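Read the structure below first, then the notes.
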Number of protein chains: 2
Amino acid sequence: MFSQSEENYIKTIYHLAAISDKGISTNAIAKKLETKASSVTDMIKKLSDKKVLVYKKYQGVTLTDFGKRTAANIIRKHRLWEVFLVQKLNFTWDEVHEVAEQLEHIKSPKLIDELDAFLGYPKSDPHGDPIPDKDGNLPQIQKSLLSTLEKSEKGVCVGVNDTSSEFLRFLDKQEIGLGKNIEVLDKEPFDDSFLVKINGKEMTISNKVANNIYIQKS
Amino acid sequence: MFSQSEENYIKTIYHLAAISDKGISTNAIAKKLETKASSVTDMIKKLSDKKVLVYKKYQGVTLTDFGKRTAANIIRKHRLWEVFLVQKLNFTWDEVHEVAEQLEHIKSPKLIDELDAFLGYPKSDPHGDPIPDKDGNLPQIQKSLLSTLEKSEKGVCVGVNDTSSEFLRFLDKQEIGLGKNIEVLDKEPFDDSFLVKINGKEMTISNKVANNIYIQKS
DNA sequence: AATAATTTTTAGGCAAGACTAAAAATTATT
DNA sequence: AATAATTTTTAGTCTTGCCTAAAAATTATT
Ligand SMILES: [Mn+2]
Ligand SMILES: [Mn+2]
Ligand SMILES: [Mn+2]
Ligand SMILES: [Mn+2]
């Protein structure tokens, strides 16, 4: 059984490992968790003792299979709770993260499986991120950043990269969201912005925004 | 904002104060929380500093109005989560306590009110205990211990005193539960047991059991 | 009223998880 | 290759929440 703090470290390392292919550095973990490198060193020593990860001084860390399964399970809980909050309790997609961050640590063999069933076995969370199954398997959806699309390519919005409240509320304001049809009408070389048509409506989108929207091409 | 540990102390003191009318002793708290008296002394000093309770050395403690409101709010969360677990996630009344013990500490302004609405503003939890409103007001139901009823008195089962899994599963086995009609057919002076009719079925009930069932007389 | 038993508090310590400051190792730059 | 910059670790401290053992206060018993 892991403490809340340990679980937050495990989850963070898992997320960082999904991006980089090398060992995850002390500093990267510290930055994500808004803590100090020295605190991270303490914790990764402990997690190494607990066989969650492999650690050699100055070399960064790598999750073991056990560590990966543990992480996937925490993420499964986090995302199922997010679905619950949005679908049953009228939360918006920019409000759920903070609460799910707490709920993901609730320990109960029965709770999560029943919640999963109650929600109808959802495949993804309100941000389009896939929900791991009980064994930690994560269905990978084929998706591309909007910023990588060429002129006249189109598809459906299936996820976001940045899940901050600010960005999500910005998308709401622009009426951009999961399931929306998006077509690239033109790319502006000057500032790398995009002219797009979203559900019939034309608009200009900055490169920064395009870099945080995932599209499933059609 | 209170820590989980602080919240558990506050809730426990509130429950103890509901029984006794004097100040709550260090030992009573320690016993309920399965901790040591010295730990309790440490904590009540801290809670006294935080204006949750009034403490004079060797005199026991009394919750302030603020402390009572805080306690009622934790209990509100605990009981609403219990309702959720039973009504939505197929938990039985003997399974909910442990999980609710964790869920009651989740901090979210929005979460509990939405949960309350989602559940249809329930008035009591799966054990028949009343759910405090947002201001901490606790509706008091008129109820009597089955053991205090006289021969030929009758009513409806509205609550239990002992909420241990063992007792609740025993009641399930005997098909005794909330909402059941109970009539005292006879009292046996030899062992203070009760001959009762529960939803039409006659059975004998020990004094110990009768001491843990609440009846609303009719 | 004195003594015994019980309760409560104090004193001192420990583990978890954070921090700062300094040392050591690694990586980048000249 | 030597030096500078950066990253990481170590050493030492702090707070929270718990513990044991001993001292102090209260309550019960003779
Ligand atoms: Mn978390
Ligand atoms: Mn999410
Ligand atoms: Mn609790
Ligand atoms: Mn209950």
Side-chain angles (χ1 to χ4, degrees), chain A residues 1-13 16-17 19-63 67 70-71 74 101-102 104-107, chain B residues 1-13 16-17 19-63 67 70-71 74 101-102 104-107:
Chain A
M1 204 67 19
F2 297 101
S3 70
Q4 282 201 203
S5 189
E6 288 171 330
E7 289 190 345
N8 285 336
Y9 273 91
I10 295 168
K11 194 182 58 161
T12 297
I13 293 165
L16 289 169
I19 310 166
S20 143
D21 47 350
K22 290 179 291 188
I24 307 307
S25 75
T26 303
N27 258 2
I29 299 167
K31 196 175 175 186
K32 254 286 181 78
L33 284 171
E34 295 179 90
T35 184
K36 302 291 159 164
S38 55
S39 306
V40 173
T41 302
D42 285 349
M43 182 59 92
I44 61 186
K45 279 178 184 164
K46 187 157 50 127
L47 292 177
S48 176
D49 291 346
K50 292 194 177 186
K51 310 293 182 196
V52 168
L53 46 80
V54 178
Y55 165 59
K56 278 218 198 86
K57 275 188 196 178
Y58 297 98
Q59 306 262 127
V61 298
T62 317
L63 288 179
T70 305
I74 302 162
E101 203 58 45
Q102 301 174 60
E104 70 189 358
H105 304 292
I106 303 291
K107 267 92 176 169
Chain B
M1 205 66 19
F2 296 102
S3 72
Q4 279 201 204
S5 191
E6 288 171 330
E7 288 190 345
N8 285 336
Y9 274 89
I10 294 168
K11 194 182 58 161
T12 298
I13 294 165
L16 289 169
I19 309 165
S20 143
D21 48 350
K22 290 179 291 186
I24 307 307
S25 75
T26 303
N27 258 4
I29 299 167
K31 196 175 176 186
K32 254 286 181 78
L33 283 172
E34 296 178 89
T35 184
K36 301 292 159 160
S38 54
S39 305
V40 173
T41 303
D42 284 350
M43 182 60 92
I44 60 184
K45 279 178 185 167
K46 188 157 50 126
L47 292 177
S48 176
D49 290 345
K50 292 193 178 187
K51 310 293 181 195
V52 168
L53 46 79
V54 177
Y55 165 61
K56 276 217 199 86
K57 276 189 195 176
Y58 297 98
Q59 307 262 127
V61 299
T62 317
L63 289 179
T70 305
I74 300 163
E101 204 57 46
Q102 301 175 59
E104 70 189 357
H105 303 293
I106 302 292
K107 267 93 176 170

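Quick caveat: nothing in here was measured; it's all calculated off a predicted structure. Naming: A, B, ... by sequence-line order, numbering from 1 per chain.
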Counterpart base for dT27(C), defined by Watson-Crick or G-U wobble contacts under 3.5 Å: dA4(D)
Minimal non-hydrogen separation, A37(B) against A30(B), with atom names: N-CB, 3.8 Å
Separation of dT10(D) P from M43(A) CE (nearest whole Å): 16 Å
Side-chain N or O of K57(A) closer than 4.0 Å to phosphate OP1/OP2 of dT7(D): no
Value in whole Å for how far the C1' atom of dT7(D) lies from NZ of K31(A): 14 Å
Pair partner, dT20(C) [Watson-Crick or wobble, under 3.5 Å]: dA11(D)
Heavy-atom side-chain contact between L16(B) and I29(B) under 4.5 Å: yes
Euclidean distance, atom CD of residue Q59(B) to atom P of dT9(C) [Å, nearest integer]: 10 Å
Phosphate OP1/OP2 of dT10(C) contacted by T41(B) side-chain N/O (<4.0 Å): no
Comparing V40(B) and E6(A) on DNA chain C - which has the more 5′ nearest nucleotide: V40(B)
Pair of N/O donor and acceptor under 3.5 Å linking dT20(C) base with S38(A) side chain: yes
Length of the CD-P vector between E34(A) and dA18(C), whole Å: 12 Å
side-chain N/O Y58(A) vs dA23(C) OP1/OP2, d < 4.0 Å: no
Phosphate-side-chain proximity, T35(B) and dC19(D), N/O vs OP1/OP2 below 4.0 Å: yes
dT9(D) phosphate, OP1 or OP2, under 4.0 Å from K36(A) side-chain N/O: no
Interatomic distance where NZ belongs to K56(A) and C1' belongs to dT7(D) [whole Å]: 19 Å
Under 4.0 angstrom between Y9(A) side-chain N/O and dA18(C) OP1 or OP2: yes
Residues, nucleotides or ligands: over 12 heavy atoms within 6.0 Å of K107(B) NZ: yes
Proximity to the side chain of D42(B) - top-ranked nucleotide from dC18(D), dT8(D), dT9(C): dC18(D)
Closest nucleotide among dT8(C), dT7(D), dC19(C) to the N27(A) side chain: dT7(D)
Interatomic distance, K50(B) NZ vs dT16(D) P [rounded to whole Å]: 8 Å
Within-4.5 Å side-chain heavy-atom neighbours: K11(A) and K32(A): no
d(CD, Q4(B); P, dC18(D)) in whole Å: 11 Å
CG on N8(B) to CE on M43(B), rounded to 0.5 Å: 8.5 Å
Any S5(A) side-chain nitrogen or oxygen under 4.0 Å from OP1 or OP2 of dA16(C): no
Distance in angstrom units between N8(A) CG and dA18(C) C1', rounded: 14 Å
Any side-chain heavy-atom pair of F2(B) and V52(B) under 4.5 Å: yes
Contact under 4.0 Å: S39(A) side-chain N or O vs dC19(C) OP1/OP2: yes
